[in-house]
Amino acid sequence: MSRKDKIFLAVVFGAYTMAWIINLKYIPPVGEAFKTLGHRWVVSLGSFSFNPVTIINASIVFLVILWFALSVRDLKLIPDRKQSILEWLFNTFYEMVEDTVPDPKFVRPTFVIAMTVFIFVWTSNMLASFPGVVFVGWENGKLTEIGLFTDTWQAPTADLNTNLTYALMVFVISHAFAIKAKGFKAWLKSWFEPNAIMMPMNLIGELAKPISHSLRLFGNIAGGAILTYIFTYMIKYFLLPVFLWGFFGIFVGTIQALVFSILVIAYISAQLT
Amino acid sequence: MDKMDLAQAIYLLGKAIGAGLAMGIGAIGPGVGEGNIGAHAMDAMARQPEMMGAITTRMLLADAVAESTGIYSLLIAFLIIFAL
C-alpha cells in the first residue's frame with residue numbers, strides 16, 4: 001500500500017467516524033426501529049393485492065440489465081474487459097449445461113433459461129448489497145415514510161412472489177421439455193415408476209421441487225436483509241455494516257444466484273433423462 | 001411493555017420460546033451437514049492440493065444447499081416473531 005492510499009483510507013475512516021458520531025443522535029429507540037421490520041407495503045386493487053416495492057425494484061433491475069446489454073451490443077473480435085467477462089460467464093454456463101443435459105437438442109434452450117434466471121437473480125441480489133431508497137412506515141395501504149440510505153435496497157428476490165414465479169416457470173418448462181423429448185405417453189408413464197403405488201410419492205416429490213427451490217432463495221435474501229438490519233442497529237451503524245453488506249449481499253447473493261440457476265439446469269435435465 | 005395482562009404475557013412467552021426453539025433445533029442439521037461437507041472437502045484438498053479451486057467452489061455450493069433447512073427454520077422464526 002502506498003503512502004497516498006494510506007492517507008486516503010485514513011481520511012475516509014475519519015469521515016466515516018464523524019458521520020457515525022453525528023448520526024448517533026438520530027438513531028430511533030428499539031421499539032420504533034423494529035416496528036415495521038418484516039412487514040411489507042401492500043396495495044390492494046379489488047380482489048388481488050401486490051407489493052409495489054417489488055415492482056419498482058424489479059423495473060430498476062430490468063433497466064440496469066438493459067443498460068448493460070445495450071453497452072455490449074457491438075461485439076468485437078478482440079474483446080475488451082466487459083465483453084471478456086461476459087464471454088467467460090456465458091462459456092462457463094454453456095459448458096455446465098452441456099455436461100448436465102443429455103439431449104443435445106435441449107442444450108441451447110436450457111442454457112437460455114438458466115442464464116436469464118441467473119442474470120436477473122444475481123443483479124437483484126446485488127441491489128440488496130448496498131443502501132438506497134427504502135419504503136418504511138405505512139398505514140391502511142398508504143405510504144407515510146420513505147427512508148434514504150437507512151437500510152439496503154429491498155431486492156425483488158426478497159419477495160416470495162418473484163421467486164415462486166421463476167420456480168413455477170421452471171417446473172412447467174421442465175415438464176413441457178419432457179413431453180417434447182419423450183412423447184406424451186412416456187411422460188405419463190414416468191409418473192407410475194417403478195409401479196403404480198408410487199404415484200403419490202412421485203407427485204409430492206415433483207410438487208416439493210418448486211417450493212423448496214423458491215423458499216431457499218427467498219429465505220436467504222429476506223433473512224439476510226432482516227439480520228443485516230438487526231445487526232446494524234445493535235452496533236449502531238458503526239463500521240460493521242460494510243462487512244455485513246459484503247457478506248449477506250455480495251457473497252450469499254452470488255452463491256444463491258448460482259445455486260438457483262444450477263438447480264434450474266438440474267431440474268430440467270432430471271426430466272429429460 | 002410496562003403493564004400487560006396474563007393472556008398477553010403467555011402469548012409473548014409462547015412467541016419467544018417458539019421462535020427460539022425453531023431456530024435452535026433447526027440449526028443442528030445444517031451445522032452437522034456443513035461440518036461434514038467441510039471435513040470431506042479438507043480431506044480431498046489434502047489428497048489433491050492442485051484441485052483446491054474446483055473443490056472450494058463445489059464445497060460452497062454444497063454448503064448453500066445443505067443450509068437450506070436452516071434457512072427454512074430462520075423463516076419460521078421470523079414469521080413467529082413478526083407476523084404472528
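Each chain gets a letter, A, B and so on, in the order the sequences are listed, and its residues count up from 1.
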(message) Does any backbone or side-chain atom of B:Leu74 lie under 4.5 Å from a heavy atom of chain A? Answer side chain, backbone, both or neither.
(response) side chain
(request) Using non-hydrogen atoms and a 4.5 Å limit, figure out which bit of B:Leu60 sits close to chain A: side chain, backbone, both or neither. (result) both
(message) Can you tell me which of B:Asp63, B:Thr69, B:Thr57, B:Leu75 forms the most heavy-atom pairs within a distance under 4.5 Å of chain A?
(response) B:Leu75
(message) Can you confirm whether A:Phe130 is buried at CZ, in the sense that more than 12 heavy atoms of other residues, nucleotides or ligands lie under 6.0 Å from that atom?
(response) yes
(message) Using a 6.0 Å cut-off, check whether atom CE of B:Met51 has over 12 heavy atoms from anything other than its own residue.
(response) no
(message) To the nearest 0.5 Å, what is the distance between CG on A:Leu227 and CZ on B:Phe78?
(response) 4.5 Å
Output the residues of [range] for which the shortest heavy-atom distance to chain B is under 4.5 Å, in residue-number order; output 'none' if no such residue exists.
{"range": "residues 248-269 of chain A", "result": "A:Phe251, A:Ile255, A:Gln256, A:Leu258, A:Val259, A:Ile262"}
{"range": "residues 214-222 of chain A", "result": "A:Leu215, A:Arg216, A:Phe218, A:Gly219, A:Asn220"}
{"range": "residues 116-129 of chain A", "result": "none"}

(message) Once side-chain contact (heavy atoms from CB on, under 4.5 Å) is applied, do any residues pair with A:Ser49, and if so which ones, sequence neighbours excluded?
(response) A:Val42, A:Ser44
